[in-house]
Amino acid sequence: MKFSQLAIYIQQIDKTQSRLEITRLLSELYLKLNKEEIDKTIYLMQGRVAPLFDPVEFGMAEKSVIKAAVSAMQIDPSLFKTKYQEIGDIGKTVEYFKNQYHSFEEMDLEIIVVFEQLQRLAKASGNGSQTLKQGILSLLIRQLNAVSCCYLVRIPLGILRLGFSDMTVLDALSWMLTGDKKLRGEIEHAYHVLPDLGMIGKIVKKDGIKGIKTIKPKLFTPIIMMRAERLSSGEEIIKQIGRCAIEPKYDGFRLQAHFDRKLNQVKLYSRNLEEVSLMFPDIVEGIKKQIHGDKIIIEGETVGFDPKTGKNLPFQETVQRKRKYDIAETAKTVPLKFFVFELLYIDGISYLSFGFEKRREKLTQMIEKNKNLVLAPQKIINDGKLIETYFDQAVSDGLEGIMAKKLDGIYQPGARGWNWIKFKRSYSSKVNDTIDCLVMGYDLGKGKRTGFGIGAFLAGVYDEKNEQYLTVAKIG
DNA sequence: CGTGTCTGCCC
DNA sequence: ATTCTGC
DNA sequence: GCAGAATGGGCAGACACG
C-alpha cells in the first residue's frame with residue numbers, strides 16, 4: 001500500500017470521534033494491508049518503528065522536526081514558528097506550507113519504504129547524526145504529499161493524536177476477523193504477555209485466532225505491568241474491595257525481573273518495558289543469590305538507601321541510579337534494595353490468572369532472607385480505620401503511601417480494574433495543603449488547547465522578606 | 001574539551 | 001506522575 | 001468508568017558548536 005493511501009485512512013480517523021467508527025476504519029485498513037505491511041503500519045501509527053520494549057528511539061522531537069521541515073521547504077524559521085503558534089500543531093503547520101510548495105521530487109512511496117527511511121533515521125547515531133536525521137526527514141517531506149507530511153512529522157513526535165491507542169488496535173484486529181469485538185479478550189491476553197502490537201497484528205493476519213492462542217508468557221519477553229487505581233481513604237478502599245492486603249508504597253522505580261538459572265541470566269525491565277539490566281548490577285546479583293526456582297518472573301519496586309543509616313532515600317536520589325555510565329561508583333553511594341511484591345511466572349506456570357493470595361504465598365517461599373532483595377511486608381486488613389492507621393504509619397516512616405490489593409484479584413496487566421488501589425499522601429482527604437498563588441504567566445497551548453489560547457499557568461508566590469515574586473510551578 | 005540545547009525516561 | 005473530557 | 005490527550009519536575013546522556 002502507498003503511504004498516501006495510509007495517510008487518507010489516518011486523516012479519516014483523525015476526523016472521527018466515535019471510537020466504534022475508528023475501530024471499523026482501522027479494521028478496514030488492516031484488511032487491505034498485506035502481512036509484510038501490517039506490523040510496520042501498526043508501529044508507525046503508534047509513533048514508532050519498533051515495539052515498545054525495543055530501545056529504538058527517534059532522537060528527534062519538536063525542535064529537530066521543525067528544523068527538518070524548514071530546510072525541506074526553504075521557509076524562514078520565524079515564519080514557520082509564527083504559523084505554528086497560530087495553528088498549534090506541527091503536522092498541520094507542515095501541511096499548510098507543503099500545500100504551497102511543490103517539488104519535482106514528489107513521488108508516491110510505499111508504506112514500507114517510508115518505514116525503512118524512518119527506521120534508518122531512528123538508528124542514526126554519532127557524529128553528524130542530527131544532520132543525517134534531519135536530512136532523511138527533509139527528503140521525505142519533499143517526496144510525500146501535503147496530507148502525508150502532516151502525519152509523517154507527527155510520527156517522530158509521538159503525537160499522532162488520533163484518539164485511539166493500544167486497546168482500539170486490539171478491537172480492530174478482532175473486528176478484522178469476525179466483524180465485531182468478540183475476540184478482543186483473547187487478543188488482549190496475548191498482548192499482555194507479548195506487548196508488541198505489530199507482532200500481534202502480523203500473527204492475527206497470518207494465522208488468525210489460532211496463532212494468538214499459542215502465545216504464552218516467555219522469559220525475557222516483558223509482561224505489561226499492572227497499574228493501580230486511586231482512592232483517598234481507608235473507608236473507600238474497604239467499600240471497593242473489602243478485606244484486602246495492605247503493602248507500603250515505595251517511592252522508587254518499578255522493576256520486572258526475569259531469571260533463567262540454567263543460563264545464569266537476569267534481565268530487568270522498567271515500567272515502560274525498557275530493558276535496564278545493566279543499570280542495576282546489585283539487583284541482578286541479588287536475584288541470582290536470593291531466589292529459589294529455575295525460570296522466574298517477579299516484580300517489585302527498587303529504592304536507594306543510605307549506606308550509613310539504612311534508611312530509604314527520596315526518589316530524587318534513587319533516580320540517579322538510572323544511568324549508563326559510572327554505574328559501579330554510583331552503586332556505592334546509592335545502594336539499592338529491591339522490594340519484591342509480585343510473582344508472575346515460575347518454572348513453566350503462569351501465575352497471572354491466579355488470585356493475589358496464591359501468588360503471594362508462593363512468592364513468600366521463593367525469597368531467601370532479606371538482603372538486596374526484600375519481600376515487601378504486608379498485612380491483611382478488614383477495617384477502614386485500621387487502613388488509615390497503617391497509612392499514617394507509612395507516611396511517618398517516609399513512605400509514599402500504601403497499596404491495597406484485592407485478595408482474589410488476578411494480575412491484570414495495564415490499567416484495568418480495581419485489583420490494586422493506591423492511597424497516597426497527596427490525595428489523602430486529611431491533608432489540606434492548599435496555598436494561594438498568583439498567575440504570573442502562561443504557555444500557549446498545543447493540540448486541543450490551541451483554540452483556548454492557554455496551555456499551562458505559571459503560578460507564583462510573593463516573598464515578603466525579599467520583596468519579590470517567586471515562581472512555584474506550572475499548572476496544566 | 002567545556003558548555004548549551006535537546007531528547008527520552010523516570011515519577 | 002496528575003488532571004480533565006468525551007463517549 | 002474508561003481511554004485518551006493534555007500537562008508537570010527532574011535527571012542523565014547525546015550532539016553541536018565554539
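Here is the naming used below: chain letters follow the sequence lines, and residue numbers restart at 1 for every chain.
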Enquirer: Side chains of K181(A) and W175(A), heavy atoms from C-beta outward: is any pair under 4.5 Å?
Expert: yes

Enquirer: Considering just the side-chain nitrogens and oxygens of S64(A), establish if one lies under 4.0 Å of OP1 or OP2 belonging to dT7(B).
Expert: yes

Enquirer: For I327(A) and dG13(D), what is the distance between atoms CD1 and C1' respectively, to the nearest whole Å?
Expert: 12 Å

Enquirer: How many Å lie between CG on L20(A) and C1' on dC2(D), as a whole number?
Expert: 14 Å

Enquirer: Please confirm whether the shortest side-chain N or O distance from K424(A) to OP1 or OP2 of dT2(C) is below 4.0 Å.
Expert: yes

Enquirer: Taking the side chain of K63(A) as its heavy atoms from C-beta onward, which of dT7(B), dA6(D), dC11(B) lies nearest to it?
Expert: dT7(B)

Enquirer: May I ask you to say what R254(A) touches in the nucleic acid, namely base, sugar-phosphate or nothing, with a heavy-atom cut-off under 4.0 Å?
Expert: sugar-phosphate

Enquirer: So what does T318(A) hit on the nucleic acid, given a heavy-atom distance under 4.0 Å: a base, only sugar-phosphate, or nothing?
Expert: nothing

Enquirer: Heavy atoms from C-beta onward define the side chain here; which of dC15(D), dC11(B), dT2(C) lies closest to that of E400(A)?
Expert: dC11(B)

Enquirer: Taking only the side-chain heavy atoms of K324(A) (C-beta and beyond), determine which of dA14(D), dC10(B), dC2(D) contains the nearest atom.
Expert: dA14(D)

Enquirer: If you compare all heavy atoms of L170(A) against all heavy atoms of R184(A), which two are closest, and at what distance to 0.1 Å?
Expert: CB-CD, 3.9 Å

Enquirer: May I have the distance from E62(A) (atom CD) to dT5(B) (atom C1'), rounded to whole angstrom?
Expert: 13 Å

Enquirer: Can you measure L170(A) atom CG to dC2(D) atom C1' for me and round it to whole angstrom units?
Expert: 15 Å

Enquirer: Output the rounded distance in Å from CG (L231(A)) to P (dT2(C)).
Expert: 13 Å

Enquirer: Sort out for me which residue in E299(A), E342(A), K267(A) forms a side-chain hydrogen bond (donor to acceptor under 3.5 Å, both in side chains) with Q256(A).
Expert: E299(A)

Enquirer: It should be established whether R323(A) places a side-chain nitrogen or oxygen under 4.0 Å from OP1 or OP2 of nucleotide dA12(D).
Expert: yes

Enquirer: For dA12(D), does either OP1 or OP2 sit under 4.0 Å from a side-chain N or O belonging to R321(A)?
Expert: no

Enquirer: Out of dA5(D), dC11(D), dC10(B), which nucleotide sits closest to the side chain of R161(A)?
Expert: dA5(D)

Enquirer: Between Y9(A) and E28(A), is there a side-chain donor-acceptor contact under 3.5 Å, judged purely by atom types and distance?
Expert: yes

Enquirer: Is the distance from OP1 or OP2 of dT2(C) to the nearest side-chain N or O of K422(A) less than 4.0 Å?
Expert: yes

Enquirer: Return no unless some side-chain N or O of K67(A) is found under 4.0 Å from OP1 or OP2 of dC6(B).
Expert: no

Enquirer: Starting from the 5' end of DNA chain D, give me the residue, L160(A) or N127(A), whose nearest nucleotide shows up first.
Expert: L160(A)

Enquirer: NA contact type, V56(A), heavy-atom cut-off 4.0 Å: base, sugar-phosphate, or nothing?
Expert: nothing

Enquirer: Figure out the CD/P separation between Q320(A) and dC11(B), and round it to whole Å.
Expert: 16 Å

Enquirer: Which nucleotide in the list dG4(D), dG8(B), dC10(B) gets nearest to the side chain of F58(A)?
Expert: dG8(B)

Enquirer: Nearest 0.5 Å, what's the CG-CD1 distance between L352(A) and I224(A)?
Expert: 11.5 Å

Enquirer: Can you check the Q316(A) CD to dG8(D) P distance for me, whole Å?
Expert: 19 Å

Enquirer: Below the 4.0 Å mark, does dA14(D) have OP1 or OP2 next to a side-chain nitrogen or oxygen of S129(A)?
Expert: no

Enquirer: Find which nucleotide of DNA chain D each of S165(A) and Y325(A) is nearest to by heavy atoms, and output the residue with the more 5' nucleotide.
Expert: S165(A)

Enquirer: Are there over 12 heavy-atom neighbours, none belonging to K123(A), within less than 6.0 Å of that residue's NZ?
Expert: no

Enquirer: Starting from C1' on dC7(C), measure out to CZ on F164(A) and report it in whole angstrom.
Expert: 17 Å

Enquirer: Return no unless some side-chain N or O of Q130(A) is found under 4.0 Å from OP1 or OP2 of dC6(B).
Expert: no

Enquirer: Is the shortest side-chain N/O distance from R19(A) to OP1 or OP2 of dC2(D) below 4.0 Å?
Expert: no

Enquirer: Which pair of heavy atoms, one from Q240(A) and one from I421(A), lies closest together, and at what distance?
Expert: CG-CD1, 3.9 Å

Enquirer: Would you tell me if any nitrogen or oxygen in the side chain of Y269(A) comes within less than 4.0 Å of OP1 or OP2 on dC9(B)?
Expert: no

Enquirer: Which nucleotide, dC10(B), dA6(D), dC7(C), lies nearest any side-chain atom of Q17(A)?
Expert: dC7(C)

